[in-house]
Amino acid sequence: MAKITYIDPQGARHEIDLRPGMTVMEGARDNDVPGIVAECGGACACSTCHVYVAEGWADRLPPMDPMEEDMLDFAPGVEPGRSRLSCQLTVSEALDGLVVEVPQEQA
Amino acid sequence: MSGVIVIGAGQAASALAAKLRAGGYEAPVTLIGEERDPPYQRPPLSKAYLLGEMPRDRLYLRPESFYAEAGITLRLGAPVTRIDPQARRVHLGEEALPFDHLVLATGARPRRLPAAIGGDLAGVFTLRGIADIEALAPLMRPGARLLVVGGGYIGLEAAAVARKLGLEVTLVEQSARILQRVAARETSDWFRALHQSHGVEIREGVGLARLTGETRVEGAELSDGTRLRIDLVIAGIGVSPESGLADAAGIACGNGIAVDAQGRTSAPGIWAAGDCAAFPWRGRQLRLESVQNAIEQAECVAANIMGAGRAYDPHPWFWSDQYDVKLQIAGLGQGHDHVVTRPGKRAGSVSHWYFAGPRLLAVDAMNDPRAYMAGKRMLEQGRSPEATEIADPTQDLAALMRAPARQTEES
Ligand SMILES: Cc1cc2nc3c(=O)[nH]c(=O)nc-3n(C[C@H](O)[C@H](O)[C@H](O)COP(=O)(O)OP(=O)(O)OC[C@H]3O[C@@H](n4cnc5c(N)ncnc54)[C@H](O)[C@@H]3O)c2cc1C
Ligand code: FES
């Protein structure tokens, strides 16, 4: 298990233990964390699962593939170095302790 | 309070129920679905799930516990047989359930090849539900000969999966070109070349005359006289909106269940959303078959049940995965008079921009999410770039998005 903490747009913290192999998006969706819309269900096609990863985490995550990188070029509210698509982050033990912040707006 | 009953427990139903609860709706909410699985996403059925790369429970839109915790009743494996708009009841055989609001989210049903031409032979499939894939997947063995009938997105996705699994694939499309109904010639050409490079035999302008075999399909005869030996058929020849219940109850239907801008049918307190519903959009009745539409129309209906009085005014988008290509579409291209091709930043990425006069209508982006996202934002803002700027790859998309607005949106 890996503990992932989501900070929702209202500032509430959701600490959730996730099974390795799930995605950070699925963890939010299955536990009803507000603000992660995930319209395309994880197909890397919509960008409505955008999150900001907490300081110190960006370099510890698996690198972005070109699709994810290009999607994030024009998504609203993107902050280079902090923004990821949570459907592309697969949970592993290495992600234990990860904190992600859910943006105010998804599109 | 009898609350809300939703007929159908699919993509739209699930979004509607979640939105009602998120909006503070407190009366009972019941989803009644014919299928046995809790609400699930269909797109992977012709992609990762058919390929065998995705476990079944990952299709589910939410875990079953979500519905229980949110006070949403799921009645699965339960076909609704009749609705009574006057008495405000839905019937499941003998049982009758009362409602305050009823939402029809019954989706669409795939068209089948007629039995008269062998459409009822074993080995002939359509792709709509988990059950279809469970029956088909074990037959998708290397070396098997597959005939795909229909060159729309589902047929093309199935062809791509089949090639990955090592089947021999022939695809017939009776129109002059694949994707004719939904895309411009440029996009058809692009996908034809993609599939040919992966070894799919594509026959356009050729229909299926009949399938042959005793009980199981063994052969096909095409309209040009060609005979093929085949083991399997996948028909991707479109869907019909599931409007039978509404029609039988006297609710107005055309190409689907007719709703107004808020999602109301012709019967008071009865709404419709998703693949089954045709809504007014820019002067015509439009019916969409997409996840975007199922979710956003359902959420709009949920808000209106709670009194929002909101009109559904979508910015349609869609995607499709074939081999290692992701196609993303923003907008609707129907009615375009020219298409501009824009090479993307990366090798192999390209986008097609549909215009009607000066007005941007849609963008098809192949492995080019930047073009998709830029086009989507421009369409949402009702602005159009100059075709010459789009055609020029040295013009930066980010700059074009910031350029002074040239409003061309229809109001
Ligand atoms: C193979 C496939 C691939 C797709 N790929 C994409 C894609 O890549 N991108 C995209 O945007 N869209 C895609 N779509 C389309 C998308 O899945 C649909 O638009 C969406 O599921 C529509 O949601 P819905 O709730 O209206 O209908 P559905 O999800 O079909 O749900 C309707 C439900 O109602 C039930 N029902 C019908 N009548 C009754 C009754 N009388 N009683 C009880 N229950 C009933 C049905 O059994 C069904 O479960 C795809 C669809 C398919 C089939
Ligand atoms: S869920 Fe759509 S991009 Fe992540």
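Residue numbering restarts at 1 for every chain, and letters A, B, ... go by the order of the sequence lines.
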Neighbours of chain B found in residues 16-28 of chain A - heavy atoms under 4.5 Å =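 Answer by number: A:G21, A:M22, A:T23, A:E26.
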ask   = Among A:A75, A:G41, A:P76, A:P66, who wins on heavy-atom pairs under 4.5 Å with chain B?
value =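 Most pairs with chain B among the choices: A:P66.
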key: Test item: B:K376 side-chain N/O and A:C46 main-chain N/O as donor-acceptor pair under 3.5 Å   =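 Side chain of B:K376 to backbone of A:C46, a donor-acceptor pair under 3.5 Å: no, none is there.
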query = Do any N or O atoms from the side chain of B:Q328 and from the backbone of A:A45 form a donor-acceptor pair under 3.5 angstrom?
reply =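 Checking the backbone N and O of A:A45 against the side chain of B:Q328, a donor-acceptor pair under 3.5 Å is found.
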Chain B heavy atoms under 4.5 Å from [X]: which part of the residue, side chain, backbone, both or neither?
X	result
A:A38	neither
A:D30	both
A:E69	side chain

message = If the contact rule is any heavy atom under 4.5 Å from chain A, which residues of residues 59-66 of chain B qualify, in numerical order?
response =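 Listed by number: B:Y60, B:L61, B:R62, B:P63, B:F66.
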Quick one: [atom1] on [X] to [atom2] on [Y], what's the gap to the nearest 0.5 Å?
X	Y	atom1	atom2	answer
A:M67	B:D368	CE	CG	8.5 Å
B:M373	A:D70	CE	CG	10.5 Å
A:F74	B:R377	CZ	CZ	9.0 Å

request  = Check whether any side-chain heavy atom of A:D73 lies under 4.5 Å from a side-chain heavy atom of B:K345, and answer yes or no.
outcome  =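 Yes, close enough: below the 4.5 Å cut-off.
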inquiry  = Assess the residue pair B:Y372 and A:S47 against the criterion (side chain to side chain contact (heavy atoms under 4.5 Å, CB included)); give the C-alpha distance rounded to whole Å, side-chain angles, the decisive distance to 0.1 Å, and a yes or no.
reply    = CA-CA 11 Å; B:Y372 165 74; A:S47 87; over 6 Å; no
